[in-house]
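Below: the structure, in C-alpha cells.
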There are 2 protein chains.
Amino acid sequence: MDHLSTTFAALADPTRRAILARLADGEATVTELAEPFAMSLPAVSKHLKVLEHAGLITRTRTAQWRPCRLDAAPLKEVTGWLAEYRRFWEDSFDRMDDHLRELQNKRKNS
Amino acid sequence: MDHLSTTFAALADPTRRAILARLADGEATVTELAEPFAMSLPAVSKHLKVLEHAGLITRTRTAQWRPCRLDAAPLKEVTGWLAEYRRFWEDSFDRMDDHLRELQNKRKNS
DNA sequence: GCTATATTCAACCTGTAGGTTAATTAACCG
DNA sequence: CGGTTAATTAACCTACAGGTTGAATATAGC
C-alpha cells in the first residue's frame, strides 16, 4: 500500500484519532492510552501498531513501558495532498489573503 | 461511522484519489473515469458510491450518463482537523511566514 | 528466584472492502 | 419496436480490519 493510503487508512478510525489527540498533549504509555476506551489492551496495541506502521507515532523502550510519541510528519504530507484541492473550497484568493493577514496580525499582538 | 472516518476511509484508496484528481479537471462520466484503470466498470461504480457517500462527489443525471462532480467540502473538514496538529511539523512560525509571503508573491507575479 | 506489572503474540471470529462476472435497468436512436 | 450504449444490481469470492481471550515475554523489585 502506498504511503498516503496507509496514512489515510490509519486516520480512518476514531479510536486511532483519539489516541493521536491524546499524544498531542505529550508522551503516554500503552496502558495510559488504553484507559479511555472500552476495549482490551491487545486491541489498543494493534491500533498502535497501525499508527506506528503509518509513521504517525514512534515508540521507545523504558523498563517495561513502551511510551508512544506523536510524529506528525505524515500529516504534513496529507496537507500537501489537500493543498491541490484548496481552490475548491476557497471561493476566492482574497478571502485566503484575509485569513493570512489575520493570522499575522494575531502573532504581532501576542 | 462518523463523518471524518468516512472521509478518511474514502481517501485511503489510490483509485479513489485518482478519481478525485481527475474530477478536479472537471465533470466526467463513469466510463470516462473508469478508462485509466485496469478494473471492471462495476468496481469503479462501487468506488464512486463510496465517494458519493462520503460527500466527496455529487452526481447528476443526463440521458444515460451520470456525470460526477467534485465536492471538496469534506476536504475542508479534514484540513480543519489537521490544523490541530500543524504546530507539530511547523517548528517555527517564522518559517510559516516565509511560506505565506512566498505564496503572496507568486500571486502578485501572475 | 519469584511475583507483579506492562505489553505483545497467537489463535480465533465476524463483518466488510474491493474485486469479479452475469444479469438488469435506463435512455437514446434508427 | 429493436438494438446499442451507460451504468447499476446481484451474487459471489478472498483478504483483511478490528475485536476477543488466553498464553507468552520482558522488566522491576523484593
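Protein chains get the first letters and strands the later ones, always in sequence-line order, with residue 1 at the start of each.
Across all strands, B:A43 comes closer than 4.0 Å to base atoms (heavy-atom distances).
DNA chain C lies under 4.0 Å from at least one heavy atom of each of the following residues of residues 65-73 of chain A: A:W65, A:R66. Near-neighbour residues of DNA chain D inside residues 7-14 of chain B, defined by a heavy atom below 4.0 Å, are absent. Within a heavy-atom distance below 4.0 Å of DNA chain C, the residues of residues 15-41 of chain A found are A:T29, A:V30, A:T31, A:L41. Contact check of residues 46-59 of chain A against DNA chain D (heavy atom, cut-off under 4.0 Å) returns A:K46, A:H47.
Over its length, the helix from C:dG1-D:dC30 to C:dG30-D:dC1 turns its helix axis by 10°, as judged from the five terminal pairs at each end, rounded to 10°.
Here the range on DNA chain D touched by chain A, meaning any atom under 4.0 Å from one of its heavy atoms, is D:dG18 to D:dA28.
Under the rule for a salt bridge (charged side-chain N to carboxylate O under 4.0 Å, His left out), the partners of A:E27 that lie at least two apart in sequence or sit in another chain are A:R69. Residues that satisfy the side chain to side chain donor-acceptor pair (under 3.5 Å) test with B:D2, not counting sequence neighbours, are A:R17, B:S5.
Shortest non-hydrogen contact noted between A:T15 and A:D13 is N-OD1, 2.8 Å. Of all the heavy atoms in B:A9 and B:M1, the pair that sits closest is CB-CE, 4.4 Å. Nearest heavy-atom pair across A:L41 and A:T31 is CD1-CA, 4.3 Å.
Residue pairs that meet the ring-ring contact (aromatic ring centres under 6.0 Å, His included) test with at least one member in residues 18-42 of chain B, sequence neighbours left out, do not exist here. A side-chain hydrogen bond (donor to acceptor under 3.5 Å, both in side chains) check over residues 33-45 of chain A, counting only residues at least two apart or in different chains, returns nothing. Pairs engaging residues 39-61 of chain B under the salt bridge (Lys or Arg N to Asp or Glu O under 4.0 Å) rule: B:E52-B:R59 [sequence neighbours left out]. Every pair passing ring-ring contact (aromatic ring centres under 6.0 Å, His included) that includes a residue from residues 49-81 of chain A is listed here, sequence neighbours excluded: A:F8-A:W81, A:W81-A:Y85.
Using modelled atom types, no side-chain atom of B:R22 and backbone atom of B:L33 make a donor-acceptor pair closer than 3.5 Å.
For A:Q64, the CD atom sits in a packed shell: over 12 heavy atoms of surrounding residues, nucleotides or ligands are nearer than 6.0 Å.
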